[in-house]
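Notes to accompany the following structure.
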Amino acid sequence: MSADLHDVPGLGTPADTEWETVVGLEVHAELATATKLFSASPNRFGGDPNTHIDPVSLGLPGSLPVINEEAVNLAIRVGLALNCQVQTSVFARKHYFYPDMPKNFQISQYDHPINVDGWLELPSGKRIGIERAHLEEDTGKTAHVGGGGRIHEAGYSLVDYNRAGVPLIEIVGGPDLRSAEEARQYVTELRAILVAVGASDGKMEEGSLRVDCNVSVRPEGTNRLGTRCEIKNVNSLRSMGRAIDYEARRQIDLLTSGQLVEQQTRHWNEDEGRTHALRSKEEDYDYRYFPEPDLLPLVISDHKVAQIQNELPPLPQDLRRNLAKAAPSVDADLIGLIVERGLYDLALAAFDQTSGNLRAIKRLRNHFAHDLAGGHGSLLAKALIDLVNMEEAGDLTATQAKKVLAVLVESGGSPQDAAQELGFEAMDTGELESLVDSLIAEHAEEWSRFCDGDGKLTGFFVGQVMRATQGRADGKVVTQLLNSRRG
Ligand code: MN
């Protein structure tokens, strides 16, 4: 082994070494402008192929780019929301050949990006560095026809330039993430920020948010970064997590068996659940960057930065802080979920109305944690509080409340009306008592075993009551009645 190989973190370490996964993410987000970055064609997903095009999108000779001010404004919003410095930036040509990129270069930003040196705070409070967030144009799309859409087996390929020239912001995070789960939290938070500031719709499934993962490993407790691989083609948070876990395992296996990790770009294959090598990773010099001669440096006044800063809406982390103050008994994980699911306003209003009633707060927490995963729909805060009050008063069982809540989310209205429609009239206590007494008489043998202390018989009697009342009775009240009858 040559001397410099002794420096490779983790190479040839024993099988029982503890490993640390190091992840840095590059996220491309399409900016939600009306038109493209350098031309007036619409920036719109879908449409018939090659209908949102013009000479600039097609890179025709003699056509010249004109910068879209709205894209610049959105890029600044993103930069400020990510605590970046906004600076004078220079567009650069990044050269590579691809059929869906007609100029054979992409207009991007290189050594003078518009946003630098920021950070993003995860719900856990951990800060992840943002190295840069720069503007660039998107490419078109190729479609391989025949052979199941794979290039190698295709009969021919078609190209659609509708996406060519759509404005992108590329957000390069530092190598600060330590697991697939942290990477998931990061993308979730970043997406929430992009949506909150109106920069992007954040739809991973339509490709408006695309994630490349840089993954390396090193023995726990060491500081140097190992050789990384970049993984492309993760189309969902789930496949991103799988890809990171797979790739870390692959690298650990290489290093523990005395082999080197080669710096590569790798492709995630969702069906096979593995990554495979696409190409050796390019270095910057492969792209022959030089300043774009058709565009001036982008100078942004302090006044403009201050104005955009003032217009920034509250960010997810602000919402989490407010909510934690308003509902101190709700743990941080649930607060994160509430904000992520767009339930902030509802939660703030609802917790505000509990006036410290601990049991009502607990019921609310349960509803937010388990019954509102799909968002609040048509549910209003007042209806949610009325529902909790009905549960408190014993008018609804927990199971019934869940069903009423589903109706309120679906079609709004009051919980009283929904409960009535579902046939959840509160059971009259007298009615329930006589039912319990008749069941005791009917099942004398079970009753005597219950009285002898056989706990299993509680379930038996509660079940009988539930069947007789079609689930309208409150299990807790029935148990109390049974115990009081035992004397
Ligand atoms: Mn890029």
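When side chains are defined from C-beta on, E26 counts as touching N214, because their heavy atoms get closer than 4.5 Å. Under the 4.5 Å side-chain criterion, counting only non-hydrogen atoms from C-beta, F45 is not in contact with D201. A 4.5 Å side-chain heavy-atom check between R250 and L254 finds at least one atom pair inside the cut-off. Residues Q106 and E137 have side chains in contact (heavy-atom distance under 4.5 Å, counting atoms from C-beta outward). Taking the side chain as every heavy atom from C-beta outward, I300 and I114 approach each other to under 4.5 Å. Proximity of M204 to M240: side-chain heavy atoms (C-beta onward) are nowhere separated by under 4.5 Å. Between C213 and V234 there is a side-chain heavy-atom pair separated by less than 4.5 Å. The side-chain heavy atoms of R210 and L168, taken from C-beta on, include a pair separated by under 4.5 Å.
Side chain of S208 to main chain of K203: a donor-acceptor pair is present (N/O by atom type, distance under 3.5 Å, no hydrogens or angles). Put simply, the side chain of R132 never gets that close to the backbone of V116: no donor and acceptor are under 3.5 Å apart. Here the side chain of D160 pairs a donor or acceptor atom with the backbone of N50 at under 3.5 angstrom. Between the N43 side chain and the L31 main chain, a donor and an acceptor come within less than 3.5 Å of each other. Put simply, the side chain of D176 gets close to the backbone of G129: a donor and an acceptor are under 3.5 Å apart. With S41 contributing its side chain and I53 its backbone, the two residues share a donor-acceptor pair below 3.5 Å. Between the H95 side chain and the R288 main chain, a donor and an acceptor come within less than 3.5 Å of each other. No side-chain donor-acceptor contact under 3.5 Å links N322 to the backbone of L319. The closest donor-acceptor contact from the side chain of D138 to the backbone of G165 lies at 3.5 Å or more, if one exists at all. Formation of a donor-acceptor pair under 3.5 Å by the D371 side chain with backbone atoms of A406 is not found in this model.
Using cut-offs of 30° and 60° for the angle between ring planes, the F351 and F368 rings count as parallel.
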Could you walk me through whether Y161 and V159 pass the side chain to side chain contact (heavy atoms under 4.5 Å, CB included) test, one step at a time? CA-CA 7 Å; Y161 291 111; V159 63; 3.8 Å; yes
Steps toward side chain to side chain contact (heavy atoms under 4.5 Å, CB included) verdict (F38, N68): CA-CA 6 Å; F38 300 120; N68 178 338; over 6 Å; no
Audit row: E230, R228, salt bridge (charged side-chain N to carboxylate O under 4.0 Å, His left out) steps and yes/no: CA-CA 7 Å; E230 179 179 355; R228 70 177 193 273; over 6 Å; no
Take L135 and F91 through the test side chain to side chain contact (heavy atoms under 4.5 Å, CB included) and record every step on the way to the result. CA-CA 8 Å; L135 271 167; F91 287 98; 4.1 Å; yes
Would you sort out whether R249 and D253 count as a salt bridge (charged side-chain N to carboxylate O under 4.0 Å, His left out), showing the intermediate values? CA-CA 6 Å; R249 189 69 249 166; D253 289 345; 3.0 Å; yes
The test is salt bridge (charged side-chain N to carboxylate O under 4.0 Å, His left out); show your working for R320 and E189 and say whether it passes. CA-CA 12 Å; R320 288 195 296 267; E189 184 68 9; 2.9 Å; yes
Using the rule given for side chain to side chain contact (heavy atoms under 4.5 Å, CB included), can you reason through T275 versus W268, listing the C-alpha separation, both sets of side-chain angles and the distance that settles it, and then say yes or no? CA-CA 4 Å; T275 63; W268 169 248; 3.7 Å; yes
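Heavy-atom contacts from other residues, nucleotides or ligands closer than 6.0 Å to CD of E410 number 12 or fewer. By the 6.0 Å contact criterion, CD on Q263 is enclosed, its count of non-hydrogen atoms from other residues, nucleotides or ligands being greater than 12. Atom CG of N310 sits in a crowded spot, with more than 12 heavy atoms from other residues, nucleotides or ligands closer than 6.0 Å. More than 12 heavy atoms of other residues, nucleotides or ligands lie within 6.0 Å of CZ in F290, so this atom counts as buried by the packing criterion. For K403, the NZ atom is loosely surrounded, since the number of other residues' heavy atoms within 6.0 Å does not exceed 12. Residue E18 places its CD atom among 12 or fewer non-hydrogen atoms of other residues, nucleotides or ligands, all under 6.0 Å distant. The 12-atom threshold is not exceeded at CD of E69, counting heavy atoms of other residues, nucleotides or ligands nearer than 6.0 Å. Counting heavy-atom neighbours within 6.0 Å of R238 CZ, excluding the residue itself, gives a total of 12 or less.
Here the CD1 atom belonging to I193 is positioned 12.5 Å from the OG atom belonging to S200, to the nearest 0.5 angstrom. Between atom CG of residue D302 and atom CD of residue Q309 there is a gap of 12.0 Å, rounded to the nearest 0.5 Å.
Listed by first then second residue, pairs satisfying salt bridge (charged side-chain N to carboxylate O under 4.0 Å, His left out) with a partner in residues 79-94 read R93-E292, R93-D294, not counting sequence neighbours.
Here the two rings, on Y110 and H134, have centers that are 6.0 Å apart or farther.
A salt bridge links K232 to D212: one of the charged nitrogens lies within less than 4.0 Å of a carboxylate oxygen. Between D386 and K382, at least one side-chain nitrogen of the basic residue sits less than 4.0 Å from a carboxylate oxygen of the acidic one, meeting the salt-bridge criterion.
Of all heavy-atom pairs between Y289 and A92, the closest is CD2-CB, 4.1 Å.
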